[in-house]
Amino acid sequence: MQDYNPKDIEKKWQDIWAQNGIYTTKDTTDKKNFYILDMFPYPSGEGLHVGHPRGYIATDVYSRFKRMHGFNVLHPMGWDAFGLPAENFAIKNKVHPREAVDRNVARFKEQLSLIGPDYDWSREIDTTDPNFYKWTQWMFLKMYEKGLAYQSHEPINWCPGCQTGLANEDLESDGTCERCGSVVEKKPMRQWVLKITDYADRLLVDLNTLPKWPEGVKEAQRNWIGKSEGSEIAFALNTGENVKVFTTRADTLFGATYIVFAPEHPLVQTLDIENRDEVNTYIAQVAEKTEIDRTAEGKEKTGVKLEGIVAINPANKEEIPVYIADYVLAHYGTGAVMAVPAHDERDFEFAKKYELPIKEVVSYYYEGAEDNAPKEDAETLHREVIDIIIENEKGEFLLIKETANNTEKIHFVGGGTEGENEIEALEKELREETGYTDFEIIEKIPNLVSAFAFRHTKLKNQKIHGYFFHIKLKSENRVASEVEEGRHSLLWAPKEKIKDLINWPHHAYAWEMFLKKDRVFTDFGILINSGEFNGLTSEEAKQKITEFVGGEMKSTYRLKDWVFSRQRYWGEPIPMVFDADGNVYPVDASELPILLPNVDSYEPTGTGESPLATIDDWVNVRGKITDQGTFVQDASGQMFRRETNTMPQWAGSSWYYLRYVDPKNNQYAIDSTKEKDWLPVDVYVGGDHATRHLIYARFWHKFLYDIDVVSGLEPFPRLEFLGFILAEDGRKMSKRWKNVINPDDMVNRFGADAFRLYEMFIGPFENTVPWNTDGVVGTRRFLEKVWKQKEKIKDEENQNLEMILHKTIKKISDDIEAFKFNTAVSHMMILVNEITKEEYIGKNQYASLLQILAPFAPHITEEIWYTVFGEKDSIHLSVWPEYDASKIIESTIKIVVQVNGKVRGTIEVPIGTSEDEIKKRAVSETKVEQYFTSEPEKVLYIPNRAVNFIIKN
RNA sequence: GCCGGGAUGAUGGAAUGGUAGACAUAAGGGACUUAAAAUCCCUGGGCGCAAGCCGUGCGGGUUCGAGUCCCGCUCCCGGCACCA
């Protein structure tokens, strides 16, 4: 027999498949359509490493699996080739980006082809192809038409390394450039912006229609959109202006003791401020700082009071001071906040530093539950109380233990003040309840505590509110007290134990506050010091107070509009022109595509202008404005200037998946019948683009839905997340670490099929795992075994193999459907190990094995399919073997025999054996009896699983 | 701080609440070989001569029975974060 030699067969079959076009997708067939898509790659100059094909192999396995199930499968591939990396590579290697992209694409395609994918290359797309980007430009025009694309001059992220403006999504979370790692600056400049914020709510809500997306990706998008529901409330200034603030805590309005503007707030420029110089100096200082410095952790708050300016708190009409401070962000909410130091950590910190009043307006509130829930028919006492945290010289704290309603209550000492002065009441409670008399007061804890509960000792509801004091005993001197009367007992406990001992929630809360450095209560509670709103819960008060002061309930989003211009060469030209007065006009759709011109120097200018600006005969163009307000070229017309900014890398990838369906259409981006036939994408596979590509594409798709280009609201109903592969040393694969392993070497050493199998076997698909080249040996050995089994073929089936074969068919089918490729491979290994032990294998059985292996190892299976079985049609077009349900029914079952839940043996019994019989055999066929220290008290039988003998100890 | 995900042998990882560690790699031993590679066989969580005991990050709980369910932690990865 010939040895298994992948080199002899892999290239051969790849060529034959291509010649016969077996993977070419027809537009219409009598089969059901199925669209499976990879996130298309950026053809960088580095080529592929072994991490990249993982997703491509997975979609390939899945696509072949679906084809064998009779689907008309669309599995395309293309190139996301505009953007900074391609351009930076070109600059570095001194070639034109076009040339660099062509070269890199060729290299990627060659590497990809080595692993034998079933892509339909006749539908290949490239975002830098004018026939493609014509439609990207067309969609931009549509957005402009709908008011979703606009020019802005706001400060934006500027990357000094890449010399271009960037979107928020292009930054790492530490504020550096995702591409080059430079610290990004804020720079005001003209730019095109897409109004993705108009879609914020739909992007958020529709995540709920995506049950087949990983939770983590959805959560990342929710965080990114960052919806927060609150109120917008206007504060009047003594200068006559009104300032709107955004708050999620309108319930705390009565506690707003100052307001704060972001230094960049436009109103600050125009107000008549007495200390104008000081204010301007501060604003200048803040402008110097990067975002990173400004938000550095643990940074002390700074700010400047606007002298001569006061605001009126609309709730209580009190005059309050106005500050600017850089802890308030210009680009969130309204750029101004009301400060409530009693209930906000940041305001508290600022208020302490600048000695601003702190006014408590929300109290912690506990309402009794279950046995101490307030009773409707009981009388309710309203009481003011004080409670005492008592410390002794050993640093222990005193609790009181009493029994009420058959449960033990443990809490601090305390009682009603009955209108007395607090200090007198404290002395009295201490003496009466504990007998101690000699103490000093350390502090009064400033947070009010409220509770409403049924007191079993008094048979009444009690609604209490009061403060906690911290006192220290100076001596153990005691007099007789309620302890001696037997009403309760005293319990001294060390600091660490207190939390676990206290079982009154409002006392537990007070203890927590006592331990905290800053006593800021930021939770919801009930209102105090808030006039007519006292007693309301925070939730109720939010809306009522907002209405009371004439504000409105409003949502704010963290998501920012999408900065869509880049001052770089290698991108789609933005199809707009300007007349001599600077008025902007959209280019007429008939002019598209606006071709990216050739240019001598495509390096960034750094001036905030794109290199396109230097090409006079492209920039300056004669034309006229049509009745529709669009620009068309006309040699006898006026001079216009073209927009020289280009689109970002993410433009083409926001809609590319539509184009595969109809790649050659000259009239439309996509034919609407074909769109309905194929979209949405059935399965989308790729790595972490949660807050970039995946949010942009969802936005773009919804826009296309709104203009009737697509028929559904979401492009990717099922997303399979791909984990990346680390180098063998556990680090990221990188030239820098010299730990890159490329697929070419793996295919060369082990063959494409063994490589493919290992990529699928390496671990759960979504897990990040380190590569291990030794591991490929395992899948190669497995294929060698499969190869050798063809020597053992007989016409008749081997009955010993029927059950495991059919079980494996079922298991593999289920696993591929669920993207559990690692367990699919392991079960094929188990099957082949079983076959190895047998004398022979039936011809049909072997054929079934080849078929379930075919999606993973397309070459070796095709080779055997033709040479051994003499088939005329490809195994990849054959029909997936269905498992026979009757063959996977066991005739016997294994029963675990346990004593007190511990496994002591197993028995095997025929299906249908009676419970009594099983219990008998459990004793007779195992050694369980030696564990019977007495007669079993109970014998428990769990059908088809276990017998458990319960022995009393 | 908030949110999401995770923690199982030397390693990647299996395991509808019912024999933990399938499958694979590395390692050790043996066969074949002049030798090596390849191949085949055996061992392969810890302790123990054995019977057995202990073991799925930690502490509790539910259950006849928990890697799996519940409560409370620790640590790791990821997202957001002076976002009002």
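Not measured: the values here are computed from a predicted model.
We find that CZ of F721(A) is positioned 10 Å from P of G79(B), with the value rounded to whole Å. Rounded to whole Å, atom P of G18(B) lies 11 Å from atom CD of Q898(A). Taking atom CD1 on I725(A) and atom P on G13(B), their separation rounds to 11 Å, with Å as the unit. In this structure, CG of N944(A) is placed 14 Å from P of U19(B), rounded to the nearest angstrom. Atom CG of D774(A) and atom C1' of A10(B) are 13 Å apart (whole Å). Separating the CZ atom of F782(A) from the P atom of A38(B) is a distance of 20 Å, rounded to the nearest angstrom. Rounded to whole Å, atom P of G12(B) lies 16 Å from atom CZ of F724(A). Protein atom NZ of K919(A) is 12 Å distant from nucleotide atom C1' of C64(B), rounded to whole Å.
Using atom P as the reference point in both A24(B) and U39(B), the two lie 13 Å apart (nearest Å). Nucleotides U56(B) and G79(B) are separated by 32 Å at their P atoms, to the nearest Å. Using C1' as the reference atom, A15(B) and C23(B) are 12 Å apart when rounded to the nearest Å. Taking the P atoms as reference points, G13(B) lies 35 Å from C49(B), given to the whole Å. Going from the C1' atom of A66(B) to that of G60(B) covers 14 Å, rounded to whole Å. Taking the C1' atoms as reference points, C42(B) lies 15 Å from C32(B), given to the whole Å. Annotation: U8(B) and C2(B) have their P atoms spaced 25 Å apart (nearest Å). G18(B) and A10(B): their C1' atoms are spaced 30 Å apart (whole Å).
Aromatic ring pairs are classed by plane angle as parallel below 30°, tilted from 30° to 60° and perpendicular above 60°; the pair F856(A) and F821(A) is perpendicular.
With sequence neighbours left out, D201(A) forms a side chain to side chain donor-acceptor pair (under 3.5 Å) with K227(A), Y557(A).
Nearest-nucleotide assignment on RNA chain B puts the 5′-proximal partner with R558(A), out of R558(A) and V337(A).
In textbook terms, a nucleotide whose glycosidic angle is within 90° of 0 is syn, and G9(B) is one such case.
The side chain of S826(A) places no N or O atom within less than 4.0 Å of a non-bridging phosphate oxygen (OP1 or OP2) of G13(B). OP1 and OP2 of A84(B) both lie 4.0 Å or more from every side-chain N or O belonging to Y327(A). Regarding contacts with the backbone of U19(B), every side-chain N or O of R904(A) stays at 4.0 angstrom or more from both OP1 and OP2. Note on Y931(A): a side-chain N or O is less than 4.0 Å away from OP1 or OP2 of G52(B). For the OP1/OP2 pair of U39(B) and a distance below 4.0 Å, the side-chain nitrogens and oxygens of R781(A) include at least one atom meeting the criterion. The phosphate of G6(B) has neither OP1 nor OP2 within less than 4.0 Å of any side-chain N or O from N767(A). Not one side-chain nitrogen or oxygen of N833(A) sits closer than 4.0 Å to the OP1 or OP2 atom of A22(B). At the phosphate of G55(B), neither OP1 nor OP2 sits under 4.0 Å from any side-chain N or O atom of K902(A).
Between P314(A) and L253(A), some side-chain heavy-atom pair lies under the 4.5 Å cut-off.
Side chain of D326(A), nearest nucleotide from C82(B), A24(B), A84(B): C82(B). Candidate nucleotides A84(B), G18(B), A22(B) were compared by shortest atom distance to the side chain of V896(A), and G18(B) ranks first. Distances from the side chain of T823(A) to the nucleotides G12(B), A15(B), G4(B) place A15(B) closest. With distances taken from any side-chain atom of F246(A) to the nucleotides U25(B), A84(B), U19(B), the minimum falls on A84(B). With A84(B), C40(B), C80(B) as the candidates, the nucleotide lying closest to the side chain of W224(A) is C80(B). Side chain of N822(A), nearest nucleotide from G4(B), U25(B), A14(B): A14(B). Closest to the side chain of T906(A), out of U19(B), G4(B), A84(B), is U19(B). Of the candidates U25(B), G13(B), U19(B), U19(B) carries the atom nearest the K894(A) side chain, counting heavy atoms from C-beta on. Between G18(B), G13(B), U25(B), one nucleotide has an atom nearer to the side chain of V769(A) than all others, and that is G13(B). Of all nucleotides listed (G13(B), G4(B), C80(B)), C80(B) comes nearest to the side chain of N223(A).
Looking only at atom types and distance, the side chain of Y327(A) has a donor-acceptor partner in the side chain of D347(A) under 3.5 Å away. Q789(A) and K792(A) share a donor-acceptor pair across their side chains, judged by distance under 3.5 Å alone.
Contacts of L329(A) with the nucleic acid, taken as non-hydrogen atoms under 4.0 Å apart, include base atoms. Base engagement by K301(A) is indicated by at least one non-hydrogen atom pair under 4.0 Å involving a base atom. Residue G216(A) is classed as a sugar-phosphate contact, given heavy-atom separations below 4.0 Å to backbone atoms only. Contact annotation for N948(A): base contact, defined as any heavy-atom pair under 4.0 Å involving a base atom. Across all strands, L940(A) comes closer than 4.0 Å to base atoms (heavy-atom distances). Using a 4.0 Å heavy-atom cutoff across all strands shown, V825(A) reaches no nucleic acid atom at all. Across all strands, I950(A) comes closer than 4.0 Å only to sugar-phosphate atoms, never to a base (heavy-atom distances). At the heavy-atom level, D347(A) lies nowhere under 4.0 Å from the strands shown. Using a 4.0 Å heavy-atom cutoff across all strands shown, P214(A) reaches no nucleic acid atom at all.
No donor-acceptor contact under 3.5 Å links the side chain of Q221(A) to the base of G79(B).
In this structure, F348(A) has its ring center no closer than 6.0 Å to that of F350(A).
Counting non-hydrogen atoms of other residues, nucleotides and ligands closer than 6.0 Å to NZ of K289(A) gives a total above 12. Around NZ of K186(A), the count of heavy atoms belonging to other residues, nucleotides or ligands within 6.0 Å exceeds 12. Atom CZ of F724(A) has 12 or fewer heavy atoms from other residues, nucleotides or ligands within 6.0 Å.
A distance-only check finds no donor-acceptor pair linking the side chain of R756(A) to the backbone of A857(A) [under 3.5 Å].
Between the CD1 atom of I812(A) and the CG atom of L831(A) there is a distance of 8.0 Å, given to the nearest 0.5 Å.
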Quiz item: Just the dot-bracket of RNA chain B, please: which string comes out with Watson-Crick or G-U pairs under 3.5 Å, [ ] for crossing, | for another strand?
Solution: (((((((..(((.....[....))).(((((.......))))).(((....)))..(((((..]....))))))))))))....
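Ion pairing between R222(A) and E215(A) holds under the 4.0 Å rule for side-chain N and carboxylate O.
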